[in-house]
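Only heavy atoms go into these numbers, but all of them, side chains included; no hydrogens, no water, no symmetry mates. The sequence lines fix the lettering, A, B, ..., with proteins before strands; numbering per chain opens at 1. Keep in mind that this is a model prediction, so the values were computed, not measured.
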There are 2 protein chains.
Amino acid sequence: MDTGRNGPVAVVGGGSMGVGWAIVFARSGREVRVHDAAPAVRSAVLGAVAERLAALAAHDLLSEAPGVVMARITVAETVGAAIAGAVHVQENVPERLDLKTQVFRAMDAVAAPEAVLASSTSSLPASEFAAALPGRARCLVAHPANPPHLLPIVEIVPAPFTDPEAVERTRALMAQAGQVPVVLQREVNGFIYNRLQGAVLREAYWMLEQGIADVASIDRVMTSGLGLRWSIIGPFETADLNYQGGLEEHARRMGERYRQMGAERGQPDGWDETLVARAAAERRALLPLEDWGARVAWRDERLMKARAAERESPPYTASGENTAAGGLREGA
Amino acid sequence: MDTGRNGPVAVVGGGSMGVGWAIVFARSGREVRVHDAAPAVRSAVLGAVAERLAALAAHDLLSEAPGVVMARITVAETVGAAIAGAVHVQENVPERLDLKTQVFRAMDAVAAPEAVLASSTSSLPASEFAAALPGRARCLVAHPANPPHLLPIVEIVPAPFTDPEAVERTRALMAQAGQVPVVLQREVNGFIYNRLQGAVLREAYWMLEQGIADVASIDRVMTSGLGLRWSIIGPFETADLNYQGGLEEHARRMGERYRQMGAERGQPDGWDETLVARAAAERRALLPLEDWGARVAWRDERLMKARAAERESPPYTASGENTAAGGLREGA
């Protein structure tokens, strides 16, 4: 079995997520075997793959012909056939604990000892569905965004029993596949991705409830402002670049105001000086203050590229009355 | 005085925000007069404008030659000279209540009766600095993102005493200038933009404090996942498109999990069925369920455009050691 750079990958669960993962691995040169328990899903996999590959090729986002990538993907009738010889197994069955537990038990029984078993779950930590398995040390979560072939982030979340080598092999495999792996130091409800998303959704629903603005307006503030910038720099770097002097200056000027916004909803947690100093030290290791201006200029270059791409994008046309739908630009 | 589509605009405060605003209004065909109390700032305005216009032209984001846009911008030695004949005044002085109060008093004394006086403040409601003015009915907040010439969102926030006609004229002026105006129904601490930003920053600092991940990892989850998608669809539409069945199905499947993520930090507010039904009804007015699949396909088209633009963007090069700085992609 080839456990190295080119070993085959199994995808268990052939819905939209599974199709996205199959493309991610196949376009990086790996053989991919996809299994789904439902025959109807199995027979739809290759058509869905072909459709998405054609779209990627149309945007010049594939380095090979779609047929070449396609040829690396096969559909397996059984879990065993999909997993045999795989160096990595990516599971995408529905988000139910009983199902994940059962599927991981089956996968652990047939997978080669060196294979990593990774779940795409967005909310169930591996310690809840893999703790009882003989091979639990090679089990972990590798949570993608939706859709995984277009959004590169992958959260790798080890359980307390996960072997650090399985974490490192998954990180390397995802990076080699062109994804952006991030390793969490420990399990936490929602991981990073859905904790940030939950914080935004709770605030958005609260503003709707308070009659501050409607759904379309709140969405528009995100797409035409915050989200556009967050697609280029994250929340810490955004704060770091918003004030000359960086993150510490941001906390001095804005910290109390942000604390109040939480406090008036019953959540008074802010950030104290020690925590800000720690975050600022990490930022300074990434970006010395003498390079601050250059990084702001880089941010603006990236924003201009994004605006140009947006302008060239096709408008949404499924329904003629929906041109003001959230996410579409007005007047720009 | 031309109060119509082509009337001149005054920009009071000539720092980075003022320069951005001057470009926004001038590229839409308006005459712009910029004033700053500091002579050194005044003499730097036109150079800063020229530099940003050249960058916009290089990205093919100007519909006219930079010199043509530039010729519409002049620097005024006094507030009075800037404001005389202006149909709209955009104030950008430092974020201090005493200063805003003083500048609005001066502006209200000299502006034509029809002129709207708008503050770029990100946190001070107009009722705090304009309540005592004879012309308070034409005072409001028009809060841009940073930088305003690249991020189109503008939050228009009326005080209780603001004339609805001043709100409507500001909305129309911003839309005509190619910005994306959003009108808030009432004043609230942080407006929409910084409430969403504050929710994310508080959650991000909490995760750092809890040792879940470092600053760079948290930022990367945003840039390579959430932010990339939020640059195209906002939080409500994201939830709406993540589950067949839309926002109500999202709430059924994920509502309790998101509520728990808040509750374990002492903030148990979730969203009840009535609120979800209201949000879902607004979404269905924007996007009938029968168009759901077409809108998902549109989202993916936009994501592919964004990924292609990202790939063509210049890497950050100010410091050779910073290629792993937050916001940069690894391995993609």
Side-chain angles (χ1 to χ4, degrees), chain A residues 59 123 145 150-153 175 178 180 182 188 190 192-193 198-200 202-205 209 212 215 217 219-225 227-228 230-231 233-237 258 261-262 267 271 275 279 282 286 291 294 298 302-305 308-309 313 316 318-319 325-327 330-332, chain B residues 59 145 150-153 175 178 180 182 188 190 192-193 198-200 202-205 209 212 215 217 219-225 227-228 230-231 233-237 257-258 261-262 267 271 275 279 282 286 291 294 298 302-305 308-309 313 316 318-319 325-327 330-332:
Chain A
H59 287 273
S123 61
L150 297 179
L151 294 168
I153 194 71
V180 176
V182 159
V188 65
I192 299 171
Y193 192 91
V200 161
R202 290 193 305 274
E203 192 74 34
Y205 267 114
E209 186 178 42
I212 289 159
V215 161
S217 296
D219 270 2
R220 208 170 279 131
V221 169
M222 183 61 94
T223 54
S224 298
L228 198 48
W230 276 336
S231 73
I233 50 173
F236 284 114
E237 183 163 19
Y258 284 125
M261 291 174 213
Q267 185 181 17
W271 38 83
L275 186 58
E282 289 190 37
L286 294 164
D291 293 344
W298 172 89
R302 287 287 308 273
L303 280 173
M304 286 186 275
K305 280 274 183 194
S313 293
Y316 173 65
S319 163
E330 280 184 357
Chain B
H59 287 273
L150 298 179
L151 295 167
I153 194 72
V180 176
V182 159
V188 64
I192 299 172
Y193 191 92
V200 161
R202 291 194 304 275
E203 192 74 34
Y205 267 113
E209 186 178 43
I212 289 159
V215 162
S217 296
D219 270 2
R220 208 169 280 132
V221 170
M222 183 61 94
T223 55
S224 298
L228 199 48
W230 276 336
S231 72
I233 50 175
F236 284 112
E237 183 164 18
R257 285 181 189 147
Y258 284 126
M261 291 174 213
Q267 183 181 18
W271 38 83
L275 187 59
E282 289 191 36
L286 294 164
D291 293 343
W298 172 88
R302 287 286 310 271
L303 280 172
M304 286 186 276
K305 279 274 184 196
S313 293
Y316 173 65
S319 164
E330 282 183 354

Quiz item: Residues in side-chain contact (heavy atoms from CB on, under 4.5 Å) with A:Ala199, at least two apart?
Solution: A:Arg202, B:Ala199, B:Glu203

Practice problem: Give, as side chain, backbone, both or neither, the part of A:Val188 having an atom under 4.5 angstrom from any heavy atom of chain B. | Solution: side chain

Self-check item: Which portion of A:Glu209 sits near chain B, non-hydrogen atoms under 4.5 angstrom
Solution: both

Quiz prompt | Point-to-point distance, once rounded to the nearest 0.5 Å, from CG of A:Leu228 to CG of B:Leu228 | solution = 10.5 Å

Quiz item: With sequence neighbours excluded, what pairs up with A:Ser123 under the side-chain hydrogen bond (donor to acceptor under 3.5 Å, both in side chains) test?
Solution: A:Glu95, B:Arg257

Exercise. Might you work through the side chain to side chain contact (heavy atoms under 4.5 Å, CB included) test for A:Ile233 and B:Asp219, ending with a clear yes or no?
Key: CA-CA 7 Å; A:Ile233 50 173; B:Asp219 270 2; over 6 Å; no

Exercise. For each of A:Ala309, A:Gly198, A:Pro235, tally heavy-atom pairs with chain B at distances under 4.5 Å, and name the one with the top tally.
Key: A:Pro235

Quiz item: So which part of A:Leu303 gets closer than 4.5 Å to some heavy atom of chain B, the side chain, the backbone, both or neither?
Solution: side chain

